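Since the structure comes first, as structure tokens, the remarks are kept for the end.
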Amino acid sequence: MRRFGMVIRLKPDKVEEYKELHRNVWPEVLKTIKECNIQNYTIFYKDGYLFSYYEYTGENYEEDMKKMAEDPITQKWWALCKPCQEPLKTRKEGEWWAEMEEVFHLD
């Protein structure tokens, strides 16, 4: 299992819209997330930032993320969410959410 923490800004005028979207995540999106070996997925909000945490349990992360990105329903979902978000300038090339470095973990 591999843990991921990611961060992105949330546009101030889109906070309530983003929260409302996530009160009612489409079942097809949730199904795809699980099919791509992601579990224990959580998104937190604080002072204009979103922090996501999830655990990946598959064998090929890149292939599973490609599968998710190619899913038509997930693409429609992202089209609703992305206008609410503002990526960090310090993110790596190709990232939307900036991957964070894990510096501590306790089971």
Side-chain angles (χ1 to χ4, degrees):
M1 187 266 300
R2 193 169 149 200
R3 292 178 293 278
F4 286 85
M6 298 193 174
V7 65
I8 198 165
R9 285 189 181 94
L10 191 57
K11 294 178 181 175
D13 61 328
K14 299 288 189 175
V15 172
E16 291 310 314
E17 179 180 341
Y18 190 84
K19 287 180 179 181
E20 183 60 32
L21 282 168
H22 285 80
R23 282 186 200 83
N24 301 292
V25 179
W26 302 343
E28 301 89 349
V29 171
L30 299 175
K31 181 177 180 275
T32 298
I33 289 169
K34 289 181 180 184
E35 287 175 354
C36 292
N37 299 299
I38 292 176
Q39 62 184 23
N40 199 19
Y41 187 18
T42 307
I43 299 174
F44 298 92
Y45 172 76
K46 178 68 175 166
D47 296 336
Y49 287 89
L50 294 171
F51 165 72
S52 73
Y53 171 84
Y54 60 86
E55 297 168 352
Y56 176 73
T57 59
E59 299 296 322
N60 189 331
Y61 183 74
E62 290 74 22
E63 195 62 35
D64 281 334
M65 294 307 98
K66 181 179 178 208
K67 175 183 173 181
M68 185 181 302
E70 290 174 350
D71 176 66
I73 302 295
T74 299
Q75 289 175 4
K76 289 178 183 177
W77 176 255
W78 288 349
L80 295 174
C81 294
K82 281 188 172 188
C84 299
Q85 302 166 340
E86 183 181 330
L88 275 60
K89 290 179 172 82
T90 56
R91 72 190 187 278
K92 293 177 188 169
E93 186 175 333
E95 287 184 331
W96 184 255
W97 285 68
E99 190 174 329
M100 300 172 73
E101 175 186 1
E102 182 177 312
V103 295
F104 177 78
H105 176 79
L106 173 68
D107 276 324

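Numbering starts at 1 and runs along the sequence shown. Because the structure is predicted, anything quoted here is derived from the model rather than measured.
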Quick one: side chains of residues 36-47, donor-acceptor pairs under 3.5 Å with protein atoms, not counting sequence neighbours, listed by atom name and distance.
from: Asn37; atom 1: ND2; to: Asp64; atom 2: OD2; distance (Å): 2.8
from: Asn40; atom 1: ND2; to: Glu55; atom 2: OE2; distance (Å): 3.0
from: Tyr45; atom 1: OH; to: Gly48; atom 2: N; distance (Å): 3.1

### Query
Can you tell me how far the CH2 atom of Trp26 sits from the OG1 atom of Thr32, to the nearest 0.5 Å?
11.5 Å
Under 3.5 Å, which donor-acceptor pairs link side chains of residues 69-76 to any protein atom two or more places apart or in another chain?
from: Asp71; atom 1: OD2; to: Ile73; atom 2: N; distance (Å): 3.4
from: Asp71; atom 1: OD2; to: Thr74; atom 2: N; distance (Å): 2.8
from: Asp71; atom 1: OD2; to: Thr74; atom 2: OG1; distance (Å): 2.7
from: Gln75; atom 1: NE2; to: Ala69; atom 2: O; distance (Å): 2.8

### Query
Taking Lys11 for the side chain and Pro83 for the main chain, is one N or O donor matched with an acceptor at less than 3.5 Å?
yes
### Spacing of NZ belonging to Lys66 relative to CE belonging to Met68, to within rounding of 0.5 Å
14.5 Å
### Message
Holding to side chain to side chain contact (heavy atoms under 4.5 Å, CB included), I want the full list of residues that pass it with Lys34, two or more places apart in sequence or in another chain.
### Response
none
#### Entry: Arg23 side, atom CZ; Glu16 side, atom CD - distance, nearest 0.5 Å
6.0 Å
### Task
Sequence neighbours left out, what pairs pass ring-ring contact (aromatic ring centres under 6.0 Å, His included) with at least one residue falling in residues 81-107?
none
### Task
Search all heavy atoms of His22 against all heavy atoms of Cys81 and return the closest pair with its distance.
CE1-SG, 3.8 Å
### Task
Name all pairs fulfilling the salt bridge (charged side-chain N to carboxylate O under 4.0 Å, His left out) condition that reach into residues 88-102, sequence neighbours left out, sorted by first residue then second.
Arg3-Glu102
### Within one Ile-Leu-Val-Met-Phe-Trp-Tyr cluster: Tyr54 and Tyr49, side-chain cutoff 4.5 Å
no
### Message
With a 4.5 Å cut-off on side-chain heavy atoms, are Tyr18 and Leu50 touching?
### Response
yes
### Message
I'd like to know if Val7 and Met65 are part of one continuous hydrophobic network [Ile/Leu/Val/Met/Phe/Trp/Tyr, side-chain heavy atoms within less than 4.5 Å].
### Response
no
### Message
Tell me whether Val25 shares a hydrophobic cluster with Ile8, the cluster being built from Ile, Leu, Val, Met, Phe, Trp, Tyr side chains joined at under 4.5 Å.
### Response
yes
### Task
Using the test side chain to side chain donor-acceptor pair (under 3.5 Å), find all partners of Asn24 that sit at least two apart in sequence or belong to another chain.
Glu20
### Task
Taking Tyr61 for its side chain and Tyr56 for its backbone only, find out whether a donor-acceptor pair lies under 3.5 Å.
no
#### Entry: Atom of Leu21, atom of Leu80 and distance for their closest heavy-atom approach
CD1-O, 3.8 Å
### Task
Compare every heavy atom of Arg9 with every heavy atom of Pro87, then report the nearest pair and how far apart it is.
O-NH1, 4.3 Å
### Query
What distance do Leu10 atom CG and Gln85 atom CD have between them, rounded to the nearest 0.5 Å?
7.0 Å
